[in-house]
Visitor: 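Dropping a structure here in structure tokens format, bear with me for questions.
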Amino acid sequence: MTFSNLAKYYEQLEATSKRLELIDILSRLFKESDATEIGKICYLIQGRVAPFFEATEIGMAESGVASAIARAYGVDKEQVVKLYRKLGNMGLTASKLAENSKSEARNSKLSVAEVFESLRKIAEFSGEGTVENKVSTLAAILQKVDPISAKHLANIPLGTLRLGIGDPTVMDALSIAKTGDKKLRPLIEDAYNKTSDLGYVAETFFKYGAKGLEKVELIVGKPVRPALAERTPSADEAVKRLGTEFAAEPKFDGFRVAVHKNGNEVHLFSRNLEDTTLAFPDLVNGAKLELKCKSCILEGEAIAYNPLTEEFLPFQETTKRRRKYNVEEKAKELPLVLFAFDVLYLNGRDITQKPYKERRKLLESIVPADGKVMRIAEERIMHNSSDVLKFFNEAISEGLEGLMLKKLDAPYKAGGRGFHWIKFKRSQSGDLSDTVDCVLLGVYSGRGKRTDFGVGGLLVGVYDKKQDKFATISRLGTGLTDEEFRYVNELAGKLKVDHKPARVVSKVEPTIWLEPKVVLEVYADEITKSPNHTAGEDENGIGYALRFPRLVKFRDDRQPEDCTTVDEILKMAKQQYVKKK
Ligand code: AMP
């Protein structure tokens, strides 16, 4: 496929935010694509040249892109900048100048693969001469494409493509492209949950069909979408779901880490599948020295502790380790222990389909009970709710967050929430059975003291999985420290957009809309009905809202699609009334 043809699809995709239309356009695009290019196209429509967990960012600053445009069309950089100020978008600027230029690129035959390779090169340049190399490579491809292609090509390195296509939309479109309907979506999603790599999944699907997807297994180095826990309003309810014999482990309040080990090579991934290997040298070393296996993928919760008193530290301390600078120094000051709670892959074999109790045995064979860095999470077998409450109270008195209850015969469910894991958490007033993870959608400017911070309130929402959209659920202005208000202000600077983002559904208008990126954990007294918010909105326009919401903490280990879903809000709303009766 030529890049020019792909750019025509970019145009159509940009013109709509309706999910069904997006799926229709994408499925037509995919139908025209062959197996050698489908993977690249899947990355490119999300403005990338690699799966999102690879740190390969095309990233160029405005000034660099302006230089490339100037060079491609033989004009002064000043002229580019002036036009950019007028048009407000670098892509439009490139397109306008391409129209005026005498280049013969209008019938450009440059292929998607060629453009992809150039963009990948731009992403990979490093060291001396990086800026110049990036500028000249971008200029060279801009010169060879038509004005519409130039528009999108200039926006990709800046991250300003405005297509708003979520992964679920791509997966639906892949199925429709090959079968005419969505019936293969679950199979595509399974393969995606195991590898987190849409390009790889699409290529496998186009090369080997549904059979090929069925054979996709975990791959060391590609993060697995984590299994998630359900909640129940009481221990009795949990026991009903789990039967007369089940496991319980402490619920540690740190951050989730997936360890991928292959010989002496170790990679770490966060809860939101970011590669965090460089941030935690102590965990990497611990994995190399203490894990007794050739290769494995295991999961655990990392907690900071005070080596002098051997006490585990609260989340606020642990989270100080999640930074990108002074890494070694912080590792000495606040060493981490990883409490391993599951193993998904061992010595060359994907073991996610084995029952929990067998995986646990294998975990015990590779993780020491008392390692310096790697330790196995305590496990107790439970039979009834009084066993649960006893262990729960013990865990709470040790400053832990609560318990995780686990079904003994359940496989590991990558990317899925289910009653195979039930979280049982301490909750401040006992009204809601859990906190809500919200996504930050906008900010309101501050009044009074808060004018100093710029931001006075936040608009937050939850994820509507069926629609692949974000629906609003609350305004939030309580529970934030001065420092946190300043942090939100900083975020607002980075994420602000001049219009409501394509995937947001809202009846309220904040002062500034933000790209849905940041997740925060919110505690509320109750979930109530509300005509103002779109979460779970019924045919009469009544949705749900949080009553007396306050911030618990920022969850920068989560992707926006990992926040609480509308379906969960509906369930939690029901559960709170059951509990009150
Ligand atoms: P929540 O973030 O409240 O939905 O709870 C799920 C999270 O608890 C997981 O993503 C893990 O990071 C964390 N966790 C802590 N201890 C455990 C455990 N023993 N088993 C599984 N997850 C745990």
Side-chain angles (χ1 to χ4, degrees), residues 223-232 238 242 246-259 268-274 276 283 298-304 312 314-315 318-319 321-322 336-344 356-357 359-360 363-364 367 374-382 388 391-392 394-396 398-408 410 412-428 432-438 462-463 519-523 552-559 561-565 568-569 571-572:
V224 183
R225 298 183 76 80
L228 303 170
E230 273 288 356
R231 17 172 124 64
T232 53
L242 296 163
F246 54 93
E249 296 164 6
K251 186 172 190 306
F252 304 97
D253 196 8
F255 52 88
R256 188 167 183 159
V257 176
V259 179
L268 306 178
F269 291 99
S270 66
R271 163 75 171 69
N272 66 359
L273 314 179
E274 230 179 273
T276 50
L283 294 183
L298 63 80
E299 281 195 316
E301 190 85 353
I303 306 198
F312 289 101
F315 182 80
T318 298
T319 200
R321 284 294 312 272
R322 292 161 33 85
L336 294 171
V337 168
L338 186 94
F339 285 96
F341 55 72
D342 216 324
V343 53
L344 320 182
Y356 164 85
K357 59 174 183 263
R359 296 199 311 279
R360 170 80 199 187
L363 187 66
E364 284 165 10
V367 185
M374 300 280 146
R375 289 186 201 169
I376 196 150
E378 183 190 354
E379 184 214 35
R380 292 190 201 170
I381 298 297
M382 314 259 110
V388 173
F391 191 17
F392 178 75
E394 242 178 81
I396 296 295
E398 283 173 30
L400 293 158
E401 210 185 4
L403 296 181
M404 287 296 261
L405 308 178
K406 299 186 174 178
K407 220 173 174 165
L408 292 175
Y412 183 90
K413 200 166 171 243
R417 203 178 280 285
F419 286 96
H420 47 89
W421 281 11
I422 297 180
K423 56 180 162 178
F424 210 66
K425 269 169 60 171
R426 174 186 56 198
S427 101
Q428 289 92 323
L432 272 186
S433 54
D434 197 6
T435 49
V436 178
D437 288 333
C438 295
V462 288
Y463 182 48
V519 176
L520 11 102
E521 185 176 348
V522 177
Y523 182 75
V552 178
K553 63 192 176 216
F554 285 92
R555 303 284 320 233
D556 30 10
D557 57 341
R558 301 212 156 184
Q559 289 189 328
E561 288 84 0
D562 294 330
C563 73
T564 303
T565 61
E568 288 176 82
I569 292 290
K571 256 196 247 166
M572 288 166 87

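Just so you know, ligand 1 is whichever comes first in the structure, and atom 1 is the first atom listed for that ligand.
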Visitor: For F339 and F252, take the angle between the two ring planes, folded into 0 to 90°, and tell me which bin it lands in: parallel under 30, tilted 30 to 60, perpendicular over 60.
Guide: parallel
Visitor: Heavy atom of W421 under 4.0 Å from ligand 1?
Guide: yes
Visitor: Identify, by atom number and element, the atoms of ligand 1 in contact range of R558, meaning under 4.0 Å from any of its heavy atoms.
Guide: 1 (P), 2 (O), 4 (O)
Visitor: Which ligand 1 atoms does R555 reach within 4.0 Å, using its non-hydrogen atoms?
Guide: 2 (O)
Visitor: Would you call R558 and E521 a salt bridge, using N to O less than 4.0 angstrom?
Guide: no
Visitor: Taking only heavy atoms of K425 into account, list the atoms of ligand 1 that are under 4.0 Å away from them.
Guide: 3 (O)
Visitor: Please answer whether the main-chain N or O of K251 pairs with a side-chain N or O of E401 as donor and acceptor at a distance below 3.5 Å.
Guide: no
Visitor: Ion pair present between D253 and K553, side-chain N to carboxylate O less than 4.0 angstrom?
Guide: yes
Visitor: So does R380 pair up with E394, basic N to acidic O under 4.0 Å?
Guide: yes
Visitor: Can you list the ligand 1 atoms lying under 4.0 Å from a non-hydrogen atom of P250?
Guide: 16 (N), 18 (C), 19 (N)
Visitor: Record the part of F341 in heavy-atom contact with ligand 1 below 4.0 Å; permitted values are side chain, backbone, both and neither.
Guide: side chain
Visitor: Give a yes or no on whether a salt bridge exists between E230 and K423, defined as a side-chain N under 4.0 angstrom from a carboxylate O.
Guide: no
Visitor: Less than 4.0 Å is my threshold; does some heavy atom of G254 fall inside it relative to ligand 1?
Guide: no
Visitor: Under the side-chain hydrogen bond (donor to acceptor under 3.5 Å, both in side chains) criterion, do E379 and Y356 qualify, and how do the steps go?
Guide: CA-CA 12 Å; E379 184 214 35; Y356 164 85; 3.0 Å; yes
Visitor: Under 4.0 Å, heavy atoms only, figure out whether ligand 1 is touched by the backbone of E301, its side chain, both or neither.
Guide: side chain
Visitor: Hey, does E401 sit under 4.0 Å from ligand 1 if you only count heavy atoms?
Guide: no
Visitor: Determine whether any heavy atom of K406 lies closer than 4.0 Å to an atom of ligand 1.
Guide: yes
